[in-house]
Structure formats: C-alpha cells, structure tokens
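These notes concern the structure reproduced below.
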Protein chains: 2
Amino acid sequence: MKPTVHDIAREAGVSLATVDRVLNRRPGVRAATRERVEEAIDRIGFVRDVAAANLAKSRTYALAFVIPESDNSFMQALRDEVADARLRGALERTDIRLIAVPAFDEAALAQALDALIDNPPAGVAVVAIDAPAIQARMERLHEAGVAVVTLVSDLAASGRDHFTGIDNLAAGRTAGSLMGRFLSSRAGAVAVIAGSLRLGDHRDRLTGFSERLGEIAPTIRLLEVMESQDDPARVEALLNSAFRDHPDMIGVYNLGAGNRGLVAALTQTTGEAPVAIAHELSPLTRKALEDGLIDAILNQDPGHEIRSAIRVLKARADGLPVIAAQERIRIDIFLKDNLP
Amino acid sequence: MKPTVHDIAREAGVSLATVDRVLNRRPGVRAATRERVEEAIDRIGFVRDVAAANLAKSRTYALAFVIPESDNSFMQALRDEVADARLRGALERTDIRLIAVPAFDEAALAQALDALIDNPPAGVAVVAIDAPAIQARMERLHEAGVAVVTLVSDLAASGRDHFTGIDNLAAGRTAGSLMGRFLSSRAGAVAVIAGSLRLGDHRDRLTGFSERLGEIAPTIRLLEVMESQDDPARVEALLNSAFRDHPDMIGVYNLGAGNRGLVAALTQTTGEAPVAIAHELSPLTRKALEDGLIDAILNQDPGHEIRSAIRVLKARADGLPVIAAQERIRIDIFLKDNLP
DNA sequence: AAGAATATGAGGTACGTAAATCAGAAATTT
DNA sequence: AAATTTCTGATTTACGTACCTCATATTCTT
C-alpha cells in the first residue's frame, strides 16, 4: 500500500501535525526532529498525493498569459490554446486569464505588466519584447514572488524563471541545412525575410541560417536580409522585387510571419520553382506544403508551449523543480509527407 | 465557484444519493428523475472532479504492457518508459506491469495474453504480431471488458480500441521525400533494408518510401529490399555486399532496427558518402547524425507513445472518449541541427 | 386493499492531505 | 526558579466524490 502521512508519523515517532509542518515547510519544528521526519519520508518512500493535496488545499493557480493580439496565425493559435487551457481550468485547478496586448507596443505591454504587479497572480507567462522597461517589470513580478515565464521570445537577461519556446539558433541552422541540401549543388541566390531584427528570435534564426548555409552550400549567394514587420503585403512586395532583381534566385527563407505574402509571391514565379522554407504550420502553409509551393515548414507547437508554460508556472508557484528535458519545446520539421 | 454534486442535488431538487446513482449509473432511479438530474448537470455545467473521485474510489488502474524483449534501443527505450511510468504510478493511480516476451515469438506472445485473460487488468497495451492467434486473443480481452491498445505495430483488423504509434506509410513517404531531395538530380542506386516484411509497420514504410521516391526522383534505381531480422550484423553484411555489387549506390534507407550495422557499413565506405536515412533516435544514431554519417533520422517518441497509451487505456477503462487528435503520435524528423 | 417491489431521502464514513486550534512539554531567557 | 519562548501532540474540520445503510415514500401486483 502506498505510504501516507500517517505512516510517516508512525515511522518517525512524531505526530501528524509535525509531519505536516515538515512537509509544508511550516515553522515550529526543531532541526533534529525535522531530520527524523525527512529520514522517515525517504525510508518509506512517501510521495505526496498531489490530487488529495490539491483537494485539501482547494487551491487554484491564478495564471495570466500576456500575448500580442497580432493577427498572424501563430499568435492566434497561441491565444486559442490559452482559451482551451482556460476551459480545462476547472479540472487542472487553474484560473487562467488571457491578456491580449497590441503587438510590437512596448508601452502597452509595460502597462499590462504593471496591472499584474498591482494584483499579482501566482504565475505570469509573457511573449516579451526585449526592452529594459519590460525586463524591469519582469523582475518586479519575480521579486513579488510571482512565477514568471517568457513565451516564444526570450529576454536577453531577466528575472524570468524559465523560457518556454524553441532554440531559435538551432531552428535557423535547421532551415539552413534543409535549404542547402534541397538546393544540392546548384548555384544561385537565396533570399531571407525577417519580421524585425529587433526581435531576439528573428535575429537568432538569421544567424543560424547564415552560418549553416555557408558551411553546407558555399556556392550559394545569400542576399541581404529584408525586414517585413511580419506584414504579408510587405513580404510579397519584398519578394517580388527580389525575384526581379535577382533572376538567379533559387531559394527563399521566411523566418518570420506573413506567410500569406510568401505564398502569393511564390504563386507568381515562373520557371523552376525556388526552394521555399518558412515557419509555423497553419492552414495556409499546410496547403502550400501540400501543393509543393513551400518545401518545408519549421514549427513550434503552440499547444505544447502553452501546456508546458502552465506546468512550469504551477511547479514554480509551488516551489517545485522543473524537469528541463521534459519542458524542452521541439523544432518540428514538416514536409508534405509527415503532416499531422 | 465550480459546481459540485451538492449543487446538482439542489438544482434538480433531489437528494445527494440520487445524484450519485445517476452519476455512477447505479440502479434505482426512475427515468424521469434521471433526466431531471442530467438536465441539471448540463445546466450548471458540472464536471466531475476526477482527482476527488479517484481519491474517494481509491481506484488504481491496473495496466499491463506487453513488449518484446528485443535488445534494440527502441524497444529498450519503450521498456524504460514503461518502467518510468510505473514509478509515477502512485501519483497517477496506475499499477503498471511490464511483461517482456521474446521478440518475433508468436507462441510466447499468445501465452502472455492468455495469462492476462485469466487475470484481467483494466487495460492492456501490446506490441502485437499480426497473426490470427494474436488477434483472437485481443478480441477475447476486449470482450472481457479490458481496454486494449496496440502499440507501435498495429493489427490488420482487431478488437483493439486504439492504435498508439505512427502512420508508417507516411513515415516511409517522408523518408522517400528526404532521400529524393537530398540526392537531388543525381543518378544511381538506393538500397532499402527492412527488419522483416512480415511486420506490418515495415511493409508500410517500404511501400511509402518506394512510392514517394519514384514520384520525386525517377532517375533513382531502387534496389530490391533486403531483410535483416533487425540484426545489426546482418544489416552490415547486407550493406557491404550491396556496396560491392552496386558501385553507383548513393543512398541507403534502413527502415527497421539494427542501426549499429548501418553505421558500421557507412564508416567503411570510400568515396562520396551515400545519403543515409534511418529510424529511431538513440545515442548511436545521434552520434552518427552529428558526425554526418547519417543524414536524417525519423523518430517516434517512445515516451509519448507510452504516455499516450496510458491516457487512452485509463480513458477507455472509464468509458470516456479519447481525443484522437491529442493522441496522434508524430513522425519526428531529426537532422544534426534540430537534435533535442 | 394488502403486500411486494421499487424509488428516493437522509445521513454517515472513507479516501489522503491541508490547515487550524489548543494544550502541554521542552528549551531558553531572565 | 520563574517567566517566557519555542516545539510538539492531539484533535478537528474541510476538500469533492464514492459508496454504504437504513428509513420512508411511491408505485406496482394480485
């Protein structure tokens, strides 16, 4: 039979109250007694029954998710996943609030965080803009005992407890590998479009891509990176002019959002189709993959990210350790053949 | 506040006992009353608190995993994951038994299943051999009210409730895509090694691979498939002779186990390295990826599979529906750049 | 209409933990 | 040695559900 708190008490020769004090780090236990209890816990292999504990605590974890209200499908999916998690809240004893803030708007984000500082939940997950004002607020939350997680895009250095998102340098390298191998030994130019190089994740992807492509396909000429602000129209315009200016363009990597523009530009190309690689699986990119317009999609699963963030926030709120390996978000590669 | 059974009782104007009878399908409730209660449940949006329910039931789910005792790293990993899940059992209220049976041994598997029929757990997960004797036993278990899941390798048609594993046809196509694209427009031969074509998953992979490679790279000459019985030594021998017999061999796909033999054979090749694709990430294949010996690894995550199987078995044991989308096992593609 | 059968109500205990109270013991200070 | 502070024990209630018993109400049989 699974050992219970009563077994600890008996085993350590103390009362239930003392066991409770030790288990829940309440004061009023001499060091010697505490050790006796902990030793008994180890000896009989007691594991707290989380279900019963939560039931007794009737604890709910108040969590807040701060996510930009961009209309790109990835952020949309992220918000949808939060909404889903919100519905599951009753079962998981979470009370989740979704706070949508204007995208790229540092002031609005800062304001949202200030509101959270005034009325702090147990944990906060933020798709952060890497700016001092934001970092300062993250640290303030952290110091107030709030569990803090950055989502998708990390801060350079911050009071965050954890980053939930992919390794964007590795993602860029992966894109570089695929581009290089798909192009094989062909010679020509490759265009790269970023949303904004002020975003840490976009910078990392660019770095990784350039490095790896250089290693694997030195004959390729990498065009200067273009910035789209994640705007599909701009992506399309930039690409169209690039195709015009560089007739030998044989590859495109869109490392940001705005894939609608990528697909539009690719549809218009004539002659041999360029190799196209982009990020984030959506109905649009899925169809483009199936149609052969796009050759590979790198993806981070928004559902995984939200669920991981929730697990981490709950664990941190309880002062429990996080199993890093379990919370690593994978870089998925999708071809038309392994679509989920 | 989350509604409880008491709220249902009040709302439906019945006693707690009646609510309990309705919730747990106990007899002794008139149809009209039952409807009143169910209507109240819907109206107030009651969701049973699973944690409290399990606590009250002090229910544990007795589950059995039947897995071949092959020494290849994937089956090893699968068994390790079961062992891990076993340790978590106290928390998740599962009592998991791992039954290792000799690989490829139909009689031993049948015997193991017979033992389970005599002393049926709540759920069984089996890495099944596709044979009538096995199917019959699966159906017998199913009819005895045991939740039944096939693991990794599915049966053609069976009384199973669910298949936990990847779509192997899609996996084969994915391998075909990668092989075709990595080889680009080169001409030459590609070798395929299977474990045994009597295994459904290996057959599917082969079919997918051949189809897709034919579509994408018609200039490639596909050598006749070789069978290794998942034995590394045989894989190596087969490959060595293939390299000798076909000097234009530019690609290898090992769709079964025995990657140690693949790596050994690849290490000995001279001249331009062939494109190599294999299944299952392990320390060995990981290193081969990093060293550039292997170009891509397709992977199914054993941890995901075991956890998914447990979720499905628990849900089935409770008569709850399974969210198919959530239980789909993905085909992971790993290059040296996106290793986890 | 009496008896039998079936529905329902009322109330309790249990699951394993949290959290509180209060009394008494032990250690520390004065 | 007395007063104070710090530990510890004993006991209780609560969380939401399951499951049991017993009593009473309602319906069905004959």
Side-chain angles (χ1 to χ4, degrees), chain A residues 1-38 40-41 44-61 89-95 122 314 317-320, chain B residues 1-38 40-41 44-61 89-95 317-320:
Chain A
M1 213 50 229
K2 212 180 76 171
T4 74
V5 282
H6 295 86
D7 300 321
I8 305 176
R10 188 162 19 77
E11 194 69 18
V14 300
S15 77
L16 214 60
T18 301
V19 172
D20 181 63
R21 288 178 187 119
V22 172
L23 275 177
N24 297 294
R25 297 158 204 271
R26 280 184 250 281
V29 184
R30 231 173 318 161
T33 312
R34 159 161 286 134
E35 263 174 45
R36 263 211 346 271
V37 173
E38 279 167 350
I41 291 176
I44 66 179
F46 170 83
V47 186
R48 188 195 304 251
D49 184 322
V50 186
N54 281 334
L55 182 60
K57 274 193 285 219
S58 61
R59 152 158 215 177
T60 54
Y61 300 81
L91 292 168
E92 298 176 355
R93 300 186 186 282
T94 53
D95 177 18
K314 283 170 80 170
D318 285 342
L320 299 175
Chain B
M1 215 48 230
K2 212 180 78 171
T4 73
V5 282
H6 295 87
D7 299 322
I8 305 176
R10 191 163 14 78
E11 194 70 17
V14 300
S15 77
L16 214 57
T18 301
V19 172
D20 180 62
R21 288 177 188 119
V22 172
L23 276 177
N24 297 297
R25 300 159 201 271
R26 276 185 253 281
V29 184
R30 232 173 320 164
T33 312
R34 160 161 285 134
E35 266 174 43
R36 269 218 332 279
V37 173
E38 279 168 350
I41 290 175
I44 66 177
F46 170 83
V47 185
R48 189 196 304 251
D49 184 321
V50 186
N54 282 335
L55 181 60
K57 274 192 288 217
S58 59
R59 152 157 214 177
T60 53
Y61 299 82
L91 292 167
E92 298 175 355
R93 299 186 185 283
T94 52
D95 178 17
D318 284 342
L320 299 175

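Throughout, protein chains are lettered first and strands after them, A, B, ... in sequence-line order, and every chain is numbered starting at 1.
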Can you tell me the distance, in whole Å, between the [atom1] atom of [X] and the [atom2] atom of [N]?
{"X": "Arg48(B)", "N": "dG16(D)", "atom1": "CZ", "atom2": "C1'", "result": "11 Å"}
{"X": "Leu55(B)", "N": "dT13(C)", "atom1": "CG", "atom2": "P", "result": "17 Å"}
{"X": "Glu35(B)", "N": "dA7(C)", "atom1": "CD", "atom2": "P", "result": "15 Å"}
{"X": "Asn24(A)", "N": "dG16(C)", "atom1": "CG", "atom2": "C1'", "result": "12 Å"}
{"X": "Lys2(B)", "N": "dC15(D)", "atom1": "NZ", "atom2": "C1'", "result": "10 Å"}
{"X": "Arg34(A)", "N": "dC7(D)", "atom1": "CZ", "atom2": "P", "result": "10 Å"}
{"X": "Leu16(A)", "N": "dA18(C)", "atom1": "CG", "atom2": "P", "result": "10 Å"}
{"X": "His6(A)", "N": "dT11(D)", "atom1": "NE2", "atom2": "C1'", "result": "11 Å"}

Whether Thr4(A) contacts dG16(C) is assessed here as follows: a side-chain N or O lying under 4.0 Å from the phosphate OP1 or OP2. Is that the case?
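No, no such contact exists.
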Residue-phosphate contact under 4.0 Å: Ser15(B) side-chain N/O, dA10(C) OP1/OP2
no
Measure the shortest side-chain to side-chain distance between Ile41(B) and Leu23(B) over non-hydrogen atoms and say whether it is less than 4.5 angstrom.
yes
Flag the pair Asn54(B) / Tyr61(B) as yes when at least one side-chain heavy-atom distance between them is below 4.5 Å, and no otherwise.
yes
How many angstroms lie between NZ in Lys2(A) and CG in Asp49(A), if you round to the nearest 0.5 Å?
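These two atoms lie 4.0 Å from each other.
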Spacing of Ile44(B) atom CD1 and Arg10(B) atom CZ [to the nearest 0.5 Å]:
8.0 Å
Nearest listed nucleotide, side chain of [X], among [options]:
{"X": "Val29(A)", "options": "dT17(C), dT8(C), dT8(D)", "answer": "dT8(D)"}
{"X": "Ala52(A)", "options": "dA10(C), dT8(D), dT17(C)", "answer": "dT17(C)"}
{"X": "Ala56(A)", "options": "dA19(C), dC15(C), dA14(D)", "answer": "dA14(D)"}
{"X": "Val5(B)", "options": "dA18(D), dT17(C), dT17(D)", "answer": "dT17(D)"}
{"X": "Arg21(B)", "options": "dA18(C), dT8(C), dT17(C)", "answer": "dT8(C)"}
{"X": "Ala17(A)", "options": "dT11(D), dG9(C), dC19(D)", "answer": "dT11(D)"}

Touch class at under 4.0 angstrom, heavy-atom based, for Asp20(B) against every strand present
base
Give Ala53(B) one of three labels, base, sugar-phosphate or nothing, depending on what nucleic acid heavy atoms sit under 4.0 Å from its own.
sugar-phosphate
Closest-nucleotide mapping onto DNA chain D: is Lys57(B) or Arg30(B) further toward the 5' terminus? I mean the 5' end.
Lys57(B)
Show the numbers, then the answer: is there a side-chain contact (heavy atoms from CB on, under 4.5 Å) between Arg48(B) and Asn24(B)?
CA-CA 11 Å; Arg48(B) 189 196 304 251; Asn24(B) 297 297; 3.0 Å; yes
